[in-house]
Amino acid sequence: MREIKVSEVTDVIAKLCMDSCYYLPQEMMDKIRNAAVEEESPLGREILATLIENFELAKKKAVPLCQDTGLTVVFLEIGQEVHFVDGDLYTAIHAGVAKGYTEGYLRKSSVGDPVFDRKNSGDNTPAIIHTKIVPGEKVKIIVCPKGCGSENMGALKMLKPADGVEGIKKFVVDTVRAAGPNPCPPITVGVGIGGNMERAAILAKYALTRTVGEHNKDERYAALEDGLLELVNKTGVGPSGLGGSTTALAVNVEFTHTHIGGMPCAVNLNCHQARKAEAEI
């Protein structure tokens, strides 16, 4: 059994909050640089060049890539041999978010009541936490803040088995086309298939934590990712929704078992910033 002080988790979360909002993942930068060369639209190339300039300035000055630094989503993979001491784990995570958003001068966007008071918590807490217990004595933490420009464009559809692959393709493409400029393309598309209503949605969000350019290990789903990316880029939405051949940089599909009568499908979109930072304790 390995003991981990929750204060260590707080410090790691705080740093990941800042890093995810300041620095674009390298694989995303590489993808956008390539897209800036290959984009067919002159305006699209200009937009992509401006995005690259923004990314470089944010990194150089250690300032947020965008004013919307989102709600903080945390994925935890906790080794079953780990024992947290000196406090409560979730309290420590919320404290880390508060520390990161305050010390990192990140915009606080969390409101406590979604309908009536909508009062800002003042420190971007609470975080949205997804926990998985795995073998071992380590803890993997992925922090992926999500702004509402892209989050509002997500969708869920309770497809039937008879809808098949073509039904999935149509739903994904229709979702991207309807989103238009709102999620700040070029986007990354997360697709969750299977489970039930909430499981599909979480899978779609988790798909966005995957390294851009890394395919699903199942060859059938990897081929589906390639096919979906081609279809999405044929929509012509383009960079910033102003037309072009680069609407998405990647489509990541995750799947799980489901009921014999169902085929839930969720789509979650990331803006061009694809905020993500991770660490292992």
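Closest approach of A204 and A266 over heavy atoms only: CB-O, 3.6 Å. Here the closest heavy-atom approach between residue V237 and residue G180 is recorded as CG1-O, 3.6 Å. Contact between P239 and E39 at its shortest, heavy atoms only, is CD-OE1, 3.8 Å. S240 and P181 get closest at one heavy-atom pair: O-CB, 3.5 Å.
Counting only residues at least two apart or in different chains, ring pair (Phe, Tyr, Trp, His ring centres under 6.0 Å) contacts with residues 260-281 comprise F55-H272. Annotation: salt bridge (charged side-chain N to carboxylate O under 4.0 Å, His left out) contacts involving residues 44-63, sequence neighbours excluded, comprise R33-E56. Legend: ring pair (Phe, Tyr, Trp, His ring centres under 6.0 Å) pairs involving residues 196-252, not counting sequence neighbours, sorted by first then second residue: F75-Y206, Y221-F255. Sorted by first and then second residue, the salt bridge (charged side-chain N to carboxylate O under 4.0 Å, His left out) pairs involving residues 247-260 (not counting sequence neighbours) are R210-E254. Listed by first and then second residue, the salt bridge (charged side-chain N to carboxylate O under 4.0 Å, His left out) pairs involving residues 164-187 are E166-K169, K170-D174, D174-R177 (not counting sequence neighbours). Annotation: salt bridge (charged side-chain N to carboxylate O under 4.0 Å, His left out) contacts involving residues 226-248, sequence neighbours excluded, comprise E230-K234. Residue pairs satisfying the ring pair (Phe, Tyr, Trp, His ring centres under 6.0 Å) criterion with at least one member in residues 13-46, sequence neighbours excluded, are absent.
For CD of E219, the number of neighbouring non-hydrogen atoms (other residues, nucleotides, ligands) closer than 6.0 Å is 12 at most. For NZ of K205, the number of neighbouring non-hydrogen atoms (other residues, nucleotides, ligands) closer than 6.0 Å is greater than 12. Atom NE2 of H259 has 12 or fewer heavy atoms from other residues, nucleotides or ligands within 6.0 Å.
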Which pairs would a plain distance check flag for residues 190-198, meaning a side-chain donor or acceptor within less than 3.5 Å of a matching protein atom at least two apart in sequence or in another chain?
residue: N196; atom: OD1; partner: R199; partner atom: N; Å: 3.1
residue: N196; atom: ND2; partner: E198; partner atom: OE1; Å: 3.4
residue: N196; atom: ND2; partner: E198; partner atom: OE2; Å: 3.2

Counting only pairs under 3.5 Å, give me each side-chain donor-acceptor contact of residues 137-146, with atom names and distances, residues two or more places apart or in other chains.
residue: K146; atom: NZ; partner: E151; partner atom: OE1; Å: 2.6
residue: K146; atom: NZ; partner: N268; partner atom: OD1; Å: 2.4
residue: K146; atom: NZ; partner: L269; partner atom: O; Å: 2.8

Extract all donor-acceptor atom pairs below 3.5 Å that involve side chains of residues 89-98 and protein atoms in other chains or at least two apart in sequence.
residue: Y90; atom: OH; partner: T131; partner atom: OG1; Å: 2.7
residue: T91; atom: OG1; partner: D88; partner atom: OD2; Å: 2.8
residue: H94; atom: ND1; partner: A127; partner atom: N; Å: 3.2

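Under the 4.5 Å side-chain contact rule for hydrophobic residues, V251 and V165 share a cluster. Both V232 and L159 belong to a single network of hydrophobic side chains, linked directly or stepwise wherever heavy atoms of I, L, V, M, F, W or Y lie under 4.5 Å apart. Under a hydrophobic-cluster definition in which Ile, Leu, Val, Met, Phe, Trp and Tyr are linked whenever side-chain heavy atoms come within less than 4.5 Å, directly or via other members, F84 and I133 are assigned to the same cluster. Under the 4.5 Å side-chain heavy-atom criterion for ILVMFWY residues, no single connected hydrophobic cluster contains both M28 and I187. Taken together through direct or relayed side-chain contacts under 4.5 Å among Ile, Leu, Val, Met, Phe, Trp and Tyr, M153 and L71 form parts of separate hydrophobic clusters.
Listed for the S121 side chain is no donor-acceptor partner under 3.5 Å among the backbone atoms of G112. Side-chain atoms of D123 do not come within 3.5 Å of backbone N or O of S110 as any donor-acceptor pair. In this structure, D19 contributes its side chain and A277 its backbone to no donor-acceptor pair below 3.5 Å. Between the side chain of K5 and the main chain of D86, no donor-acceptor pair closer than 3.5 Å is present. A donor-acceptor pair is defined here as one N or O able to donate and one able to accept, closer than 3.5 Å; such a pair exists between the side chain of N54 and the backbone of L65. Side-chain N or O atoms of N270 include none that pairs as donor or acceptor with a backbone N or O of S150 at under 3.5 Å. With hydrogens and angles ignored, the 3.5 Å screen pairs a side-chain donor or acceptor of D163 with a backbone N or O of K160. When atom types are taken as modelled, the side chain of N182 and the backbone of A179 share a donor-acceptor pair closer than 3.5 angstrom. For the pair D68 (side chain) and C148 (backbone), a donor-acceptor distance under 3.5 Å is present.
Under the side chain to side chain donor-acceptor pair (under 3.5 Å) criterion, D30 pairs with Q26, not counting sequence neighbours.
In this model, no donor atom of one side chain and acceptor atom of the other lie less than 3.5 Å apart for S245 and N233. Donor-acceptor pairing under 3.5 Å is recorded for the side chains of Y101 and T72.
Remark: D218 engages R220 in a salt bridge, criterion side-chain N to carboxylate O under 4.0 Å.
Hydrophobic side-chain contacts under 4.5 Å tie F116 into a cluster, directly or through other members, with V115.
Distance CD/E8 to CD1/I13: 11.5 Å, rounded to 0.5 Å.
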